[in-house]
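The structure appears right after this line, and notes come after that.
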Amino acid sequence: MKQHKRRSPAYIILLLILAGEAVFILPFVLQRIFRPTFLDVFNINNEDIGYCFSVYGLVAFFSYLFGGPLADRFKPKNLMAAALILTALGGLYYATYPEYTYLKVLYGYWGFTTIFLFWAAMIKATRIWGGKEKQGIAFGFLDGGRGLVAALFGSLGVFVFSFFIETDISEATLIERQHAFKYVILISSGLVALIGVSVYFFLGSLQSDEETEKNTITISDVKNVLKYKTVWLLMLIILCAYTGYKATDIFTLYTKNVMNYDDIASAKVGTSLLYLRPIIGVTIGFLADRTKASLWLIIGFILAILSSLIFASGIINDGDTILFFINIIAIAIGVYSCRVLYFATLEEANIPLTLTGTTVGLVSIIGYTPDIFSGPMFGILLDNENKILGLQNAFMVLALFSCVGLIASYIFYRHTKQATP
């Protein structure tokens, strides 16, 4: 009689979604939604915050290397819970508005907590939950749900910020904005810690945990992973897709500098885009499970290229509200689609489940190098005296990376299609 494997319960993916975005709220999401405010209250410019991301990326570079094998040795819940609580503790220091040197140190600390302890463990847990047939849905739920969590944090942040601003935002002093943003940071930190505790007590053991943990990871395991051509292609795909995702940080700057929105209105636009991620994630994940994940990577990169070129052309101005929203939605669909699917290709590439953490660590070393270089790169472009020209140049860079990602995705698609019996 055929035995059916017990599927992991639905609440597991909900916890993974909550944890998967909560850990990045403090270092990334808040500055993305409140970018103009963030720069003012910390008294830094775009290039400065870019170097904070570089410090984060440098620590993350080594964390991917050693954190991947760690995820193949220990249960995800223990690693993820520790990461969330330690990240939240960093938020308490964040709320004191440390000077720039110590802000960079804080971002280095977050590079360790969010990557070494967390990243590969979360990806492996999601792959286990999805099983062999539902990788697109699993990662679609994960990234789409993470977008919803980020949007909810963003909406809460906008509400808290507005609540503590007693005057019109256009008349608020720097001290008043610092006071209001401090509460945004503290409340976010408390919620991140609470999610960490919930993960520890409720995530439990995933189905097949006992089948996917290795006592040791050897050099031979690493060499076996690197023999896969798809692993090298995936490194390049993630690098280009993640550069695109990092570029979403500039959307609120575009709404302020080109469309002439104020700080709160710009933050609302940034938050609204995050609500697209659940829709995109689930839809693209569903479609990928019925075709191939790499096919939808190709489509995502094409959308990102076309939309980036429209923004780079300068044809959109503050009088073209409808065109602006159509194009920003299109670029969000392209960028978020690529982000949803790049780890959903692990099953398509026939990577052994027992080596998932190691594979994620290896491809992330190259794939997430935008954490090192994209911040300063975009920061230098955006701090151009001509702010509109700086934004156009940034979108042109995004288009170029998307072209490279498109080529890599096409080769990946052809390779896995030929390898399929």
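These numbers come from a predicted model, not from an experiment.
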May I ask you to check whether [X] and [Y] place their ring centers less than 6.0 Å from one another?
| X | Y | answer |
| --- | --- | --- |
| Tyr368 | Phe61 | no |
| Phe112 | Phe116 | yes |
| Phe301 | Trp296 | no |
| Phe164 | Phe181 | no |
| Phe53 | Phe28 | yes |
| Phe42 | Phe38 | yes |

Taking only residues two or more places apart in sequence, or in another chain, which ones meet Ala394 in a side-chain contact (heavy atoms from CB on, under 4.5 Å)?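 Counting only residues at least two positions away or on another chain, Ala394 forms a side-chain contact (heavy atoms from CB on, under 4.5 Å) with Ile250, Phe378, Leu381, Leu382.
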Once salt bridge (charged side-chain N to carboxylate O under 4.0 Å, His left out) is applied, do any residues pair with Asp40, and if so which ones, sequence neighbours excluded?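 Residues passing salt bridge (charged side-chain N to carboxylate O under 4.0 Å, His left out) with Asp40: Arg177.
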Can you name the salt bridge (charged side-chain N to carboxylate O under 4.0 Å, His left out) partners of Lys256, sequence neighbours left out?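 Expected list: Asp263.
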Do [X] and [Y] have side chains that get closer than 4.5 Å, going by heavy atoms?
| X | Y | value |
| --- | --- | --- |
| Met80 | Val23 | no |
| Tyr254 | Val258 | yes |
| Phe373 | Ser54 | no |
| Thr252 | Arg32 | no |
| Thr416 | Thr230 | yes |
| Phe343 | Ser364 | yes |
| Val197 | Ile85 | yes |
| Thr369 | Tyr242 | no |

Carefully, step by step, assess Thr87 and Thr113 under the rule side-chain hydrogen bond (donor to acceptor under 3.5 Å, both in side chains). CA-CA 6 Å; Thr87 299; Thr113 63; 2.8 Å; yes
If every non-hydrogen atom of [X] is compared with every non-hydrogen atom of [Y], which pair is closest and at what distance?
| X | Y | answer |
| --- | --- | --- |
| Val199 | Ala81 | CG1-N, 4.1 Å |
| Pro76 | Leu203 | C-CD2, 4.5 Å |
| Leu398 | Ile331 | CD2-CD1, 3.6 Å |
| Val149 | Leu18 | CG2-CD2, 4.0 Å |
| Ala22 | Ile195 | CB-CD1, 3.6 Å |

Give a yes/no verdict on a cation-pi contact between Arg339 and Tyr342, requiring under 6.0 Å between NZ or CZ and the six-membered ring centre and an angle within 45° of the axis.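 So Arg339 doesn't make the cation-pi contact.
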With rounding to the nearest 0.5 angstrom, report the [atom1] to [atom2] distance, [X] to [Y].
| X | Y | atom1 | atom2 | answer |
| --- | --- | --- | --- | --- |
| Leu15 | Lys77 | CG | NZ | 11.0 Å |
| Ile238 | Tyr245 | CD1 | OH | 14.5 Å |
| Cys403 | Leu400 | SG | CG | 6.0 Å |
| Met396 | Ser308 | CE | OG | 9.0 Å |
| Leu323 | Ile310 | CG | CD1 | 6.5 Å |
| Ser337 | Leu341 | OG | CG | 6.5 Å |

Is a donor on one side and an acceptor on the other found under 3.5 Å between the side chain of [X] and the backbone of [Y]?
| X | Y | value |
| --- | --- | --- |
| Asn257 | Lys387 | no |
| Ser307 | Ala304 | no |
| Tyr100 | Asp48 | yes |
| Thr291 | Leu287 | yes |
| Tyr107 | Pro27 | yes |
| Asp289 | Phe286 | no |
| Glu348 | Ala293 | yes |

Could you list all the side chain to side chain donor-acceptor pair (under 3.5 Å) pairs where at least one residue sits in residues 372-384, not counting sequence neighbours?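 Listed by first then second residue: Asn46-Asp383.
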Keeping to residues at least two apart or across chains, list the salt bridge (charged side-chain N to carboxylate O under 4.0 Å, His left out) pairs with something in residues 235-248.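 For residues 235-248, and leaving out neighbouring residues, the salt bridge (charged side-chain N to carboxylate O under 4.0 Å, His left out) pairs sorted by first residue read Lys246-Asp371.
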Between Tyr94 and Trp110, does the ring-ring contact (aromatic ring centres under 6.0 Å, His included) criterion hold? Intermediate values first, please. CA-CA 11 Å; Tyr94 199 38; Trp110 278 332; 4.9 Å; yes
Which residue in the set Phe412, Tyr228, Tyr410 passes side chain to side chain contact (heavy atoms under 4.5 Å, CB included) when paired with Leu233?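 For Leu233, the side chain to side chain contact (heavy atoms under 4.5 Å, CB included) test succeeds with only one of Phe412, Tyr228, Tyr410, which is Phe412.
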Which residues satisfy the side-chain hydrogen bond (donor to acceptor under 3.5 Å, both in side chains) test with Ser63, sequence neighbours excluded?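 By the side-chain hydrogen bond (donor to acceptor under 3.5 Å, both in side chains) rule, Ser63 matches no residue at all.
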